[in-house]
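No hydrogens, no waters, no symmetry mates; every other heavy atom, side chains included, goes into these values. Chain letters run A, B, ... following the sequence lines, proteins first, then strands; residues in each count from 1. Note that the coordinates shown come from a computational prediction; the quantities given were computed from them, not determined experimentally.
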Protein chains: 2
Amino acid sequence: MRKPTSPSVVHPALQLENQLCFPLYALSRMITKAYQPLLQELDLTYPQYLVFLLLWEHQELTVKELGEKLLLDSGTLTPLLKRLEQKQWISRRRDPRDERSVIIELLPAGRALHERACKVPEQIFAQLNITPAEFETLRTQLNTLLNHLA
Amino acid sequence: MRKPTSPSVVHPALQLENQLCFPLYALSRMITKAYQPLLQELDLTYPQYLVFLLLWEHQELTVKELGEKLLLDSGTLTPLLKRLEQKQWISRRRDPRDERSVIIELLPAGRALHERACKVPEQIFAQLNITPAEFETLRTQLNTLLNHLA
DNA sequence: TGCTATTTAATTGTGTACAACTAAATAACG
DNA sequence: CGTTATTTAGTTGTACACAATTAAATAGCA
């Protein structure tokens, strides 16, 4: 072991353990990592899974609509969606009524993923070791804060 | 407007709005974005800022120690630290007592950033529109959940 | 109508994240 | 002591994220 470095005078608010941002950032990545082995069986990444959550509900959405719901821009979505298109899970086409928009449509193979994904949420929940009530409280708080910022 | 697509039968647990993971993921990115203009004045990215939070407290840490505290691996840290080294904010050297370890040391220019960063936390807090009590509750809950997973 | 402003995706470049692998150093053990 | 196992960073390749820019289409308006 190296010698422990002497603690210097640091603003408490600048200590990692007092941050809100850090556990948020770390927890987000940890949760993504918890999804990874489950999603790997579906050949999906976590952001791709989020796109499918929306498409399973809506069948088709524009890139703009996906971006609004996921808070992601075209710089992230365009290459992601092209990869899903290559796998024949979605189609991309310009809206004939407004050629600026690109409509993303769920293809049969993409819809078929829904059935296989059904068990994912409960498997994740089991790993969290929290009660449904705690889950709800936290979800509500995070959504509230998100609405303040977004 | 395109025609609204008819809602299909979707497992409630597979709806985006019922997820815990999504607000966590989105909020983490939104908070990072809130930091961005403040950190830009320090020429820092958000993960680089987290590294400095630790180095301002400890002056020197190994890559392993940084990785343990930030839950990041060398694949992320090595290039990030090399960029900080190029700016002469930190130094990287092998530990002579264990040549496998790389010691990251804060250089004067890196320490000088601390003073300029002091106002960052309060400026972020102001944007959150929550009370200190709510801040504390949320921070505790997130840390608890993080400990369950990490 | 004709011109300008806005909207929408795509592109480009930088910087994370992370899985999988490599290489070097050290620890552990017979 | 020598051999094997483990630890530690670094490397490679893939996939986000996002700022900034570009280009095409549409809206707005004089």
Mind calculating the distance between CD (A:Glu99) and C1' (C:dA10) to the nearest angstrom?
15 Å
Sorted by position of nearest nucleotide on DNA chain D, 5' first, the leading residue of A:Gly75 and B:Lys64 is B:Lys64
Should the pair A:Arg93-A:Glu60 be classified as a salt bridge under the 4.0 Å nitrogen-to-oxygen rule?
yes
Between B:Leu72 and A:Val63, the residue closer to the 5' end of DNA chain C by nearest nucleotide is A:Val63
Residues B:Glu68, B:Lys64: salt bridge by 4.0 Å N-O rule
yes
For B:Arg92 and D:dA9, what is the distance between atoms CZ and P respectively, to the nearest whole Å?
10 Å
Is it true that A:Glu99 and A:Arg94 have a side-chain N and a carboxylate O under 4.0 angstrom from each other?
no
Side chain of A:Thr78, base of C:dA9: donor and acceptor closer than 3.5 Å?
no
Atom pair distance, as rounded to whole Å: CG in B:Leu77 and P in D:dT11:
14 Å
Does a salt bridge link B:Lys69 with B:Glu57, judged by any charged N lying under 4.0 Å from a carboxylate O?
no
Less than 4.0 angstrom from a charged side-chain N to a carboxylate O is my criterion; do A:Glu122 and A:Lys119 meet it?
no
Shortest side-chain distance from B:Ser101, nucleotide among D:dA9, C:dT16, C:dA9:
D:dA9
According to the interplanar angle, ranging from 0 to 90°, do the rings of A:Tyr35 and A:Tyr49 count as parallel (below 30°), tilted (30 to 60°) or perpendicular (above 60°)?
tilted
Nearest-angstrom distance from the residue atom CG of B:Leu81 to P of C:dA17:
13 Å
Rounded off to whole Å, could you give me the CZ-to-C1' distance for the A:Arg94 and D:dA25 pair?
9 Å
Parallel, tilted or perpendicular: which one describes the rings of A:Phe125 and A:Phe135, with boundaries at 30° and 60°?
perpendicular
With rounding to the nearest 0.5 Å, note down the distance linking OH in A:Tyr46 to NZ in A:Lys33.
14.5 Å
Pull out every residue in residues 33-46 of chain B that has a heavy atom closer than 4.0 Å to any atom of DNA chain D, ordered by number, or say none.
B:Lys33
Where the side chain of A:Pro47 is concerned, which of D:dC16, C:dG15, D:dT26 is the nearest nucleotide?
D:dC16
Could you check how far CG of B:Leu66 sits from C1' of D:dT8, rounded to whole Å?
14 Å
Per the under-4.0 Å heavy-atom filter, residues of residues 21-30 of chain B near DNA chain D come out as B:Tyr25, B:Arg29
Sorted by position of nearest nucleotide on DNA chain C, 5' first, the leading residue of B:Asp98 and A:Lys82 is A:Lys82
Does A:Arg116 come within less than 4.0 Å of A:Glu41, counting only side-chain N to carboxylate O?
no
Quick one: B:Leu71 CG to C:dT16 P, roughly how many Å, whole number?
17 Å
Short side-chain N/O contact from A:Arg83 to OP1 or OP2 of D:dC16, under 4.0 Å
yes
Working to the nearest 0.5 Å, report the span between CG of A:Leu72 and CG of A:Leu80.
8.0 Å
How many Å lie between CG on A:Asp73 and P on D:dA19, as a whole number?
7 Å
